[in-house]
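What you see is a predicted model, and the numbers here were worked out from it, not measured in a lab. In the text below, chain A, chain B and the rest are named by the order of the sequence lines, each starting its count at 1.
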Number of protein chains: 2
Amino acid sequence: MTTIYSLRVPQKGANKMKSIALDQVTITDKFWGYYNDLVHNTIIPYQYESLNDRVPNVEPSYAIHNLKVAAGAAEGSFGGFVFQDSDLAKWLEAAGYSLSQRPNPALEKQADEIIAYMAKAQQPDGYLNTYYILNDLENRFTNLRECHELYCLGHLIEAAVAYYEATRKREFLDVVRKYADLANSLFGPEEGKQKGCPGHQEIELALVKLYDATGERKYLDLAKFFLDTRGTEPNFFLEEYEKRGGASLWDNGKRKPDLRYCQAHMPVRSQKEAAGHAVRAVYMYTGMAMTAERTGDASLKEACETLWDNIVEKQMYITGGIGQTAHGEAFTFEYDLPNDTIYSETCAAIGLIFFSYSMLMMNKNAKYADVIEKVLYNTVLAGIARDGKHFFYVNPLEVWPDASEKNPTRAHVKPRRPGWFPCACCPPNIARLLASLGKYIYTQEEDVIFTHLFIGGEAGFAVSGGRVTLTQDTMYPADGTVTIGARADADFTLALRLPAWCAAPEVSADGGQCDVSLAKDGYLYIKLTPGEHTVRLNLPMEVKLYRADTRVRANAGKAALCRGPLVYCLEQRDNGENLSACAIKADLSARVAPHEDIVKIYAAGRRDVDSNGGLYSPNSENTKDTELVFVPYFYWGNRSEGEMAVWIRKY
Amino acid sequence: MTTIYSLRVPQKGANKMKSIALDQVTITDKFWGYYNDLVHNTIIPYQYESLNDRVPNVEPSYAIHNLKVAAGAAEGSFGGFVFQDSDLAKWLEAAGYSLSQRPNPALEKQADEIIAYMAKAQQPDGYLNTYYILNDLENRFTNLRECHELYCLGHLIEAAVAYYEATRKREFLDVVRKYADLANSLFGPEEGKQKGCPGHQEIELALVKLYDATGERKYLDLAKFFLDTRGTEPNFFLEEYEKRGGASLWDNGKRKPDLRYCQAHMPVRSQKEAAGHAVRAVYMYTGMAMTAERTGDASLKEACETLWDNIVEKQMYITGGIGQTAHGEAFTFEYDLPNDTIYSETCAAIGLIFFSYSMLMMNKNAKYADVIEKVLYNTVLAGIARDGKHFFYVNPLEVWPDASEKNPTRAHVKPRRPGWFPCACCPPNIARLLASLGKYIYTQEEDVIFTHLFIGGEAGFAVSGGRVTLTQDTMYPADGTVTIGARADADFTLALRLPAWCAAPEVSADGGQCDVSLAKDGYLYIKLTPGEHTVRLNLPMEVKLYRADTRVRANAGKAALCRGPLVYCLEQRDNGENLSACAIKADLSARVAPHEDIVKIYAAGRRDVDSNGGLYSPNSENTKDTELVFVPYFYWGNRSEGEMAVWIRKY
């Protein structure tokens, strides 16, 4: 093979916004520096141990075991779910991102060993899925709806691209291209190929990344084909199901296709409401947006805009969580946002970041970055413990541990982060997101550098006339002051996001006040000349009570306390048992106080008091004043197990 | 067979409270007269058609079909659930109660035909269960935990006793005794018998009824054995499961025993919290109470008292509904009373009436009758449409039809009463309860006549010195005035229940005011001499707001509007869409207005109004005043489909 992989293929579409490379940026501030160290030093090593089944008292992964057995390097049988390979792929992707930023020979050796097993396990024609290799090779690609082969291939592609970008080693990308070429030979619109698509979307966005990395149009075309064929008549999944004689992998072979669950209930361009399994949905929408951006497909772009707006305006929790029900880990319907029976999977939140980021690459509108920030600071960070070794799959907005234990309707809501899961999609997803955080801080369109997130560190950019170095100095999100230093040897424009949560942002450039009313779609464009500059952004972080649209039944009469990008919550540890008895003064009286790694908020409230009237009594209300103690939502469950609530009654 | 069935066996226990016979009492008032006519004229005939699979557009029952096939009178195979026989038995029981009060040759002929099929279907040794007769006779009694044979036998016994009491025809009772004797030969503490007990309790209470009807101690002993053996080690259900090689009737043969689900997690006397499948629980507790009453078993009685208090003080909805989760149709835990994901099965409510009634027969405490009244006027009546032909299985306290349709967590909550169910336990249960309503109005202990319910009509009693006739004249529950007329030719005592919901009841006897503070455990004892008397009871029906114990998280900050025994609710039909936006003034301002068959309540309230701030906004509260329109909870869903809510935010 002599292909030259040309990263960052010039794009043909109308949009010229580009991602930055991870080695362009460093992260050094207090808040994210902690997580940055955590992902490189703790999360990635811990997950390697988990994937090797060496962490005591947690669910085994089997992922590396399966690969070794498939490579003939170990004895045994397949363990775990049909999609177990994907956990390892996501870890490799995270490792790639890590290696882009911090050389680490030990980590690189671990990754290379795994990649070598993959090369050995790969079948002569390129096939590489340990479940089928070990169990049922003859029936590969006979159950796309349930068996996740294309999903796992997608994750392999993402990992290989990341690993190539980091190391410039070709082996992994060669292995994966061979497998992708096999898929391309089997699926597509051409005569003799299957008109199939994956039951769990993921490969679409991955193929676009492979196109970006290789410049090979066939991968973009295959992504587009998977999207175009989905939900069309005759429905591939129903035909495939009949062809298997109605056999299913689940429920003892009795599960019938639910097309809405996997977003195949109508063509993707016709979909107006986010529906079905939330992770599949947002991965698909991301693939749609990335494909639309590369191809200039207006109808696909429009569908993405409609779906993004539907999620954010009607189906998203205030924490950025999505997926309202555990049944099918799915969206339900507009304004149905229960806090206690919620799903809000960590992976879905991460997928919403991917989707929002891919929209941001098409539309220079800060609303997409606002959502990235909301999801990142709240649901994603809630998904991982401060120790980097425990993870939430489900991110509730209201927790009553007794109910989680004793009411099966709420059994999926865990009051404590486990160390691993039988279905461990979320932990390595967090790892790859945190390891690639730098990518979300800036993007660049020609000589305009967009600053989306306020994260301290340094970044370097090439502009048409030379180079620009930007530094950010900030205590964000503890404080709303951001000092941006620029050293440039050419003209450039700094496009500064003014977050929607901030009512009165103040910006100065080299001491001169900027007119923030000139901001367009949430970005203030500041032209800067060669030399050194200081841009100061002040985002006053008032403590605010938010209300939900009245159609959100679950939040009627309630408020959520927020400060800056952070949603806050009450915890039993600070406020005693029974948070439902607490109410907050609608005429807010609050003070903030730094506490260890966070800023606590104290607010005037009251507590209902019983009057011994029995379960139901005509007694009048009885309350006592109290000071409520709030902590950031992402922080909950780190100190002890107990009740938690985001939405609090107001009075 | 020459057995003489001696109804009303003199009881040996310490208690002498007796039930009255249904032919002792007539029901003629406006409120219950309607339902009384409905059960005789509509409900029982409609259900006969349903059981014959002749009602269009509803689920077929198969119950009579199965029996005919088992009797060799029709061709075909078994249809429906393993416990389908019980629906027919409950209908026969209702028919018996009906015939006790209103001779009806056509109905009696229908019943006799069914009974004749039963006699034909009965196996030589007495066995009579159509599922096993038609499917798998060899394996009868090999899966007591799941296959409901003893449950169905229990319902046959209850039906046969009721039918015998009504008609004095012996055939049905002979058939059933033969089957009960077979069970008695197979199960018991003696050598060579199985130490088994039913997976779905019911036969225990039925065997006590059979004991009462026949005087045969063996039936009481068998009931006691089933209770005594339950939950002991080694656990029968686990042994039975192993003996079947782990085979299950459900989930493709994979369901493992859940002992708590069927109250076999510990010996019944050790159980302190109502747990597991709610119908099984209250049927068992009823059997325990009835057995304790007949045997004078103090520890069994104490367990009943503990369990009843646990339900009523910690696990009962304000409507008298029980069973907080659809998962296992079960209790969850104390103070966990969600309104939206609730189960509150109609059958469980009826079972709570049975349990409360059996407690009332032991303990002369009006708290038991208070609960009977609460359950009856609210959940039981909500379980049936005003037309007598549509039924709720689940009785929610909060309904959002969109959520029922689109959020699977709430799919079990129906906004509209169906005409029948694949599992149709509830409709014939309502039929038998309504047809036996007279039994709950009065009980008698020697010369003391207890008036538990306020239902207009006439009743006759034998006391030691002669006869007493009581009439009740009332518009209850529309109005709290009850006039009781007595004609007696002997001394007797009228024990009048003073309902706990009434803060200031007034009672006069022959014009003279009675001192209600002399009431003992909720009953005011009024000694009356031979002659005619008029006792007037005035129960002022204030409209009241109730609050829940603060530990009931779901009702924090909310109130339920009640008047007399009736719980009220808001319906979309009267109040527009989105009831969660409504709040009621805590300083209640309400007026009542009769409307067709009910009394509506109008109360001052307000409604949240949106200010177009998007899904989440820092905007302040915006409300408009409104008059809220409440209707009795039992009445909901009779006029149109829409939202409903019992617990309303207060301000």
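The most heavy-atom pairs under 4.5 Å with chain B, out of A:Asp336, A:Thr623, A:Asp340, come from A:Asp336. Counting heavy-atom pairs closer than 4.5 Å to chain A, the top residue among B:Asn555, B:Asp549, B:Thr325 is B:Asp549. Counting heavy-atom pairs closer than 4.5 Å to chain A, the top-ranked of the candidates B:Gly557, B:Ala556, B:Ala581, B:Ser617 is B:Ser617. Looking only at heavy-atom pairs under 4.5 Å with chain A, the residue among B:Lys314, B:His327, B:Met316 that has the most is B:His327. Between chain A and the residues B:Tyr335, B:Tyr616, B:Trp501, B:Tyr651, the largest count of heavy-atom pairs under 4.5 Å involves B:Tyr616. In terms of heavy-atom pairs under 4.5 angstrom with chain B, the leader among A:Val552, A:Asp587, A:Val609 is A:Val609. The candidate from A:Gln324, A:Glu313, A:Lys544, A:Arg553 with the greatest count of non-hydrogen atom pairs under 4.5 Å with chain B is A:Arg553. Contacts with chain A were tallied for B:Val312, B:Leu615, B:Thr332, B:Leu545; B:Leu615 has the most, counting heavy-atom pairs under 4.5 Å.
Of the possible donor and acceptor atoms, none in the side chain of B:Glu643 sits under 3.5 Å from a partner among the backbone N and O of B:Val399. The main-chain N or O of A:Ser580 is found under 3.5 Å from a side-chain atom of A:Arg649 such that the two form a donor-acceptor pair. For the pair A:Arg607 (side chain) and A:Asn578 (backbone), a donor-acceptor distance under 3.5 Å is present. Distance alone, capped at 3.5 Å, is enough to place a donor-acceptor pair between the A:Ser248 side chain and the A:Trp250 backbone. With hydrogens and angles ignored, the 3.5 Å screen pairs a side-chain donor or acceptor of A:Gln263 with a backbone N or O of A:Ala275. Formation of a donor-acceptor pair under 3.5 Å by the A:Asn339 side chain with backbone atoms of A:Glu398 is not found in this model. In this structure, A:Tyr317 contributes its side chain and A:Ile342 its backbone to no donor-acceptor pair below 3.5 Å. In this structure, the side chain of A:Asn378 engages the main chain of A:Lys374 through a donor-acceptor pair within 3.5 Å. Distance alone, capped at 3.5 Å, is enough to place a donor-acceptor pair between the A:Ser356 side chain and the A:Leu352 backbone.
At a heavy-atom separation below 4.5 angstrom, chain B is approached by A:Ala403, A:Lys406, A:Asn407, A:Pro408, A:Thr409 within residues 403-412 of chain A.
Annotation: salt bridge (Lys or Arg N to Asp or Glu O under 4.0 Å) contacts of A:Asp258 (sequence neighbours excluded): none.
The contact between A:Arg547 and chain B is made by backbone and side chain atoms together, counting heavy-atom distances below 4.5 Å. For A:Ala548, the parts lying under 4.5 angstrom from a heavy atom of chain B are both the backbone and the side chain. At a 4.5 Å heavy-atom cutoff, the contact between B:Asp402 and chain A is made by backbone and side-chain atoms alike. Looking at B:Ile318, the atoms closer than 4.5 Å to chain A (heavy atoms on both sides) sit in the backbone and in the side chain alike. Neither the backbone nor the side chain of A:Leu579 comes within less than 4.5 Å of any heavy atom of chain B. Heavy atoms of A:Glu542 lying under 4.5 Å from chain B are absent altogether.
Looking at A:Lys367 and A:Asp521, no side-chain N of the basic residue comes within less than 4.0 Å of a carboxylate O on the acidic one, giving no salt bridge. With respect to A:Glu334 and A:Arg551, no salt bridge is recorded, no charged nitrogen being found less than 4.0 Å from a carboxylate O.
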(request) Under the side chain to side chain donor-acceptor pair (under 3.5 Å) rule, what do B:Asp608 and A:Thr550 come out as? Steps first, then yes or no, please. (result) CA-CA 7 Å; B:Asp608 292 344; A:Thr550 59; over 6 Å; no

